[in-house]
Each structure stands twice: as C-alpha cells, then as structure tokens.
Protein chains: 4
Amino acid sequence: MNAIEKLVRKFSEFPGIGPKQARRFVYFLIRQSDAYVGEFKREIDELRSDITVCAECKRYFAKNGAAKICNICADGSRDRTALLVVSRDIDLENIEKSGSFAGTYFVLGGAVPVLDKEPEKRIRLKDLLALVEKRAANGLREIILGLDANAEGEYTGEIVSRSLVPLAEKHGIKISELGRGLSSGTELEYSDPETIKNALKNRQ
Amino acid sequence: MNAIEKLVRKFSEFPGIGPKQARRFVYFLIRQSDAYVGEFKREIDELRSDITVCAECKRYFAKNGAAKICNICADGSRDRTALLVVSRDIDLENIEKSGSFAGTYFVLGGAVPVLDKEPEKRIRLKDLLALVEKRAANGLREIILGLDANAEGEYTGEIVSRSLVPLAEKHGIKISELGRGLSSGTELEYSDPETIKNALKNRQ
Amino acid sequence: MNAIEKLVRKFSEFPGIGPKQARRFVYFLIRQSDAYVGEFKREIDELRSDITVCAECKRYFAKNGAAKICNICADGSRDRTALLVVSRDIDLENIEKSGSFAGTYFVLGGAVPVLDKEPEKRIRLKDLLALVEKRAANGLREIILGLDANAEGEYTGEIVSRSLVPLAEKHGIKISELGRGLSSGTELEYSDPETIKNALKNRQ
Amino acid sequence: MNAIEKLVRKFSEFPGIGPKQARRFVYFLIRQSDAYVGEFKREIDELRSDITVCAECKRYFAKNGAAKICNICADGSRDRTALLVVSRDIDLENIEKSGSFAGTYFVLGGAVPVLDKEPEKRIRLKDLLALVEKRAANGLREIILGLDANAEGEYTGEIVSRSLVPLAEKHGIKISELGRGLSSGTELEYSDPETIKNALKNRQ
C-alpha cells in the first residue's frame, strides 16, 4: 500500500470521516507547501508536548510552567461547593462557553456503553472518588452528573452515582442530575413521550 | 387557469406543501376512481359536520349525540385540579399519546407571533379566562403552560400568563411552565447555551 | 374511527405523505371556513368533470368544448415527425417547461416495475401502437423514449421498444433514447461508474 | 493561543471541516498513543517524500525507483490516441475505478473560477500544451475534456480548449467533451431544463 493509501486509511479513523473525505484530506496535504506541512506536524508535536492532564479535573490543558492543575481548577473564584462531572473535554468546553456554571469540573474521559462489563476501563472512576474524598474536606456539597441524555449517558450516570453514593452519604454531599425537559427549539407536536413526561414532571 | 392549476394552487396552501408536491397530489386524484374521490369528499363533509369544538377545552372532537364536551373533559376520572394549556389540538394529542398527563386541557387554537399586536385574535384568551373562572370553583389548583420551547411559544406564554395572573391570584391557582432542560437524545457537546443553562438551573 | 382519523388515513395515501403530516392537513381543513372547504371540494369536482384524457397523447387536459385532443396535439406548429414517449403527465410538463422539445408526446400512464409480468396493465402499450400506426402515415420519423434513468425506466424502455420495433421497421421509424451522461451539476469525483461510462461513450 | 486552539484552527482549513469537527480531531489525537501519533506523522512524511508528480500526466504517484512517470503513463497497453484531461487526481481515480477509459490522462491540478483573470496560475496549461505537442508525434488523435458539469468546470473547459485549438488543428487532433444528459438515477420529473435539453440533443 503506498503512502497515499496509508494516510487515507489513517484519516478514515478520524471521528466522522469516511474514505472519500479522507482521500480529499490526503490530496489537500500533498498540495500544501513544505512550510505548511512542517507547521502542521509541529503543531501536532506541541499538542503532545504542551498539553497535559489536569491533576484534579483530568481535562487536557496547556502546560503552564510547573502547574499541575488547569486554569479552571486553579481559579480561586470558582465555586468549590459544586462539582460538575462530564464525559469529555468537549462537553466541558461547551458548558464553559454557555457561561452558566461557576463551579469546577471532573472529566470522566468517556462514557460507558450499556451493559459494558468493565466501566472502570472506560471512565476515571477511581480518580473521581479520590477527588471527591479530597474536596469533601474543602466544602464540596453537590456533585452534578452532566451526561448526555441518551442510553449511554444514562447508563454512565447509574455507574457513576452507584460508586459515589457511599462517599456522598458519608460526607453529606448531594448527587444531582441535569434537568430533563424541553430543550430550546423543541416543539410539543414532535416531542417524544419521554421528553413530555420529564417536561411535565419538572414543570415549575 | 384550468382545474389542474387551480387545485395545484389550493394544495400548495396545505401546511408544508410546495407546488411540485401539490401537482403530484392533483395527478394522484385524477388517477383515482370516482368511488375513491367520492369517499374522499364524503370524509371531508363528515369532518365538517361530525367534528365540533368542545365547549370546555375547545379541542375538536367527533360529535357524540348532544354532548357539548369532548371525551376528555367528560371523563370523571381526569384530575380537575390541573389544567394544561396548549397551542394546538395536535399538541394535545401528542401529550395524550405520551400517557403522562392525567388532568384536563385547554386549546388556545394557535400561538402569538412575537410582537403581534392583537393576540386575542390569534388565541382564545377570553375562553380560557372563562374556563379558569368556572374551574376555580371546582378545585382548579394549577394551570400548566404547555407551549413550544421557541420564541413564539415563549411570547405566547407571556401573554397567557399575564392575563391569567389576576384570576390565578384571586383564586390561589398556581401557574407553571413545562420544565426546560435536556430533551431525550440531547448530547451536551451540541447543546445550545440556553439549554445548558436551563439543564443546570433545573438539576435535581 | 371518527371523521378526523378517517381523513388522516385517506391523506396518508397521498404520494409522499405520512400520518403526522396527514394529521396536520386534517386540522388545517378543520380550521378553514366553509367557503374555503366548499371551494376546495368544487375544485376537486371540476378536476373530475373538466379534465379529460387526450385522444392522441393520453395526457390529461382541461376540456375545451368538444375538443377530443389537447392543445399540444392540436397545435399545428408542433413537429409531427418526432414523438416523445414519457411515463407521466408530470414528466411531460417538466419537459415542456424546459422549452427544448418541439414535437408531440405520448403518455404511457406509468412505468413497469422490473420483472412485472403484465406490463400492458401498467402502461398504454396498445394506445401507443395505434397512435404510431396512425402517425406513420403522417410523416412520423422518430420515437424518442423519454424515461427515467433508473431500473424501472430502463425496464419500461425495453418493453416499449420491443413492442414498437416491428411497427418502426415496417414504417422506417427510428427509435431513440434520451442521451445519458453528466446531468447539470454533476461532479466527476462523485459520479457513479455507469454515468462515467455513458459520459465517455457519448462524448462529442 | 495554545496548542489545542492552534491545531483546531489548522484542521478547520481541511476541506469540508468546520471548527466543531476540527476540535473533535484534536481531542482524538490527544487521546491516541505516542505510537499512533508517531505513525501518523511518519505517514505524512512518507506522503511528502514518496509521492511525486508524474512527468507526463502530472498526477501524484508513489515513487518507484527512478521512474519519472506514473504506472498509467508507463503502461504500454493504454491507448495513446486518447488523452483525458481532468481537474484533480481524485477525478482521475474515480474514472479509473469505473474501468471505462483505456487511454491516458492529464491532471490540470484544479479548475478555473468563472471570470478568474489568471487561469494559468490555477491550472497546468503550459504542461498540457507541451504534453499534447509531444503526444501529437506519437499518434494522439483526441483530447477529451473530463470536467465537472458545473459553471467552474464549463469555464475551465472553455479556457483549456481555447488554448488547445491551434495545436489541435495543426496536428488534426479532435477535442471532445464528456456527454451531457441523464446521469444514472435521474428522474425526468425532477430534471432541470439544461439536463433535459442535453438529454434530447444527445439522444441516440
């Protein structure tokens, strides 16, 4: 297999990319200047060398001197009483963009497929428990499960809360979930029964 | 304009139908038997003659002897303490299908476009107030605004609750709205800021 | 089943309409004035009474006095040497709109599903042969098969030309098919092998 | 801007990739092993070092010893009388996949936007003329313009043929274009006037 086909195969492994688009990527790269491709590779190296995992929330962040924790965990003005548990960095970033959460986060690093037998291989359960234990001493009062509203997210939520319950009860920490109901733009005519049920249950 | 073009124009006024599909409807009708078209017209007549508006909830229902109210309003087992206000019959039907509401309904008959000057021409405000007045005497405790989670639905909600407030306060009736948050299937990565804000505010 | 459900079921039989949209049609009709619905039914009646089948091309057209043939067949300025055979009236109208054909038409009234055993029940083969016989005496020189470029259209084309061949040879009439190749907007990167093959074969 | 944002920006320049998907690529790369990323970078290096431009058709191909021309141009069994001119390597590959062309190719390296003032900066006109001159001596009889059936492709076709005409006339080489008409799957009901016009003009 020649270099074109090899790279087509590699790009086909990228999220959401099929062979046709992978091929377009390859020809795009062929046509670029050495300078462009050099910069691209340098930026990949930087990504690997400059990005590290936050010792607290486990999100990826750009190294900053000897700092072991990310800017959010380091930010004294964030509310330490609330911890928002999300699956992926990209969820955290989208929530930050919304500007509607002032607490801190924990990134599980993924979700647990329904019926998966070894969840601890999919998500950072131990790290979460360790962080909660540590934060409990510093005023943590609530853990919010910020997971996708689909089967995988719900199964992940069950796994996470089940392992959190003992610790939560011991320290009097509340475990909550994101509210279910009508998301923006929802029309009742096209809503599924589950959404309607939640919207009614959570009316206010 | 000949009969084909006239009917194409008429079908083009049907919700969600463009001229191309309207034309396909016309040729579909041309090709049908007289019996088929006769039945079609009979069913339209029946729709007009057998369907009436419920004296209470204002939904359309099939006449049943001299009954003035629909099967839901007539059903003694429905919870009279809660009234769910919706825009359209189709919303009511979808909520009924979900089987998650045991109270009674009121159909506004539409929604109010943002900044519309004469809402009372768009929705049945007077009828709603009359029904609430009447129901107040019979134990009505809560009015739930079951409106679309979009600009039009929110504007309609403001109009409706503004006109309900005096009556509600007088009779100690609570006015609530459907819960906002993550609808089924929502992924946080793709959620808009408003939905995230609501999901956090309404966590539980 | 009440009048609403009956009509929902009927509209669901319209081409391309599912139960959800059928229901919206029904509520649309309920909300209209008696005048509107009366006009709608009148236009359906007109469609049935004023539209007839052209004795020559078999297309539907608005009756015009005692005229037995449509305006196209009656138009002395159309080229009588070429006959374009199409499946449906809607194909004929789209071709007329393009303004690129000056000859006359014949409407088969449908297409023949692949392997269908009784094509003569699907399309007007006898009528076509009769028209060709008659036109042969009046200078008909070419029959163009104007069928969809899909399996059904190709199978229909085989059936039609097979039954036309004897007559065509007898009268020295050429049978042709619409050109195959790149349709407007086609990008080679996304073209299927068949289209590329045709585009190369028919290059000019 | 940190390494994540830099690479998000870079991936956003890839064909058809928006910032959201670019970000998913970046997190995908962060999560991969060093081995995986190392291989990815190696494959990019190989692409740059092992892939070269064919001295004749200008397509990209994997270097093969000292070979200056690609396997197609080197293949003695290909028909030297026909040269198919395409915009991009990806078009050439798709045509090869169709197995319907036995001649050789020339890759322009792009297309010319309508009204673009300096086409020779967009496409390899000089190289094409040089190749035609050379091939003319070796029996070249036809140049086929294999360009997209859109405005850009047609404008590119005009530019190319205009500059080819003198040479073509001098050597008695025919210039042809891919056939226009119905591409596979086209339904007449939904065809644009241009396609119908071509399908009729190119009937056979």
SB check D:Glu43 A:Lys6 (cutoff 4.0 Å): no
Part of [X] lying under 4.5 Å from any heavy atom of chain A:
{"X": "D:Glu93", "answer": "side chain"}
{"X": "D:Val26", "answer": "both"}
{"X": "D:Arg48", "answer": "side chain"}
{"X": "D:Ile51", "answer": "side chain"}
{"X": "D:Phe28", "answer": "side chain"}

May I ask you to list the residues in residues 96-133 of chain D that approach chain A closer than 4.5 angstrom, counting heavy atoms only, ordered by number? none
Taking only heavy atoms into account, what residues of residues 30-40 of chain D are found under 4.5 Å from chain A? D:Ile30, D:Arg31, D:Gln32, D:Ser33, D:Asp34, D:Tyr36, D:Val37, D:Glu39, D:Phe40
Considering heavy atoms only, which positions within residues 78-92 of chain A lie below 4.5 Å of chain D? A:Asp89, A:Ile90
Taking 4.5 Å as the heavy-atom cut-off, does anything in residues 174-195 of chain A contact chain D, and if so which residues? none
Could you check if a side-chain atom of D:Tyr155 sits within less than 4.5 angstrom of a side-chain atom of D:Glu152, using non-hydrogen atoms only? no
Which atoms of A:Tyr27 approach chain D - backbone, side chain, both or neither, heavy atom under 4.5 Å: side chain
Ranking A:Leu29, A:Asp45, A:Leu7 by heavy-atom pairs under 4.5 Å to chain D gives rank one to A:Leu7
Look at A:Ile4, A:Asp50, A:Asn94 and state which one has the largest set of heavy-atom pairs under 4.5 Å with chain D. A:Ile4
So which of D:Glu5, D:Arg23, D:Lys63, D:Lys20 has the largest heavy-atom pair count under 4.5 angstrom toward chain A? D:Arg23
Chain A: which of D:Pro15, D:Gly16, D:Ser49 shares the most heavy-atom pairs with it under 4.5 Å? D:Pro15
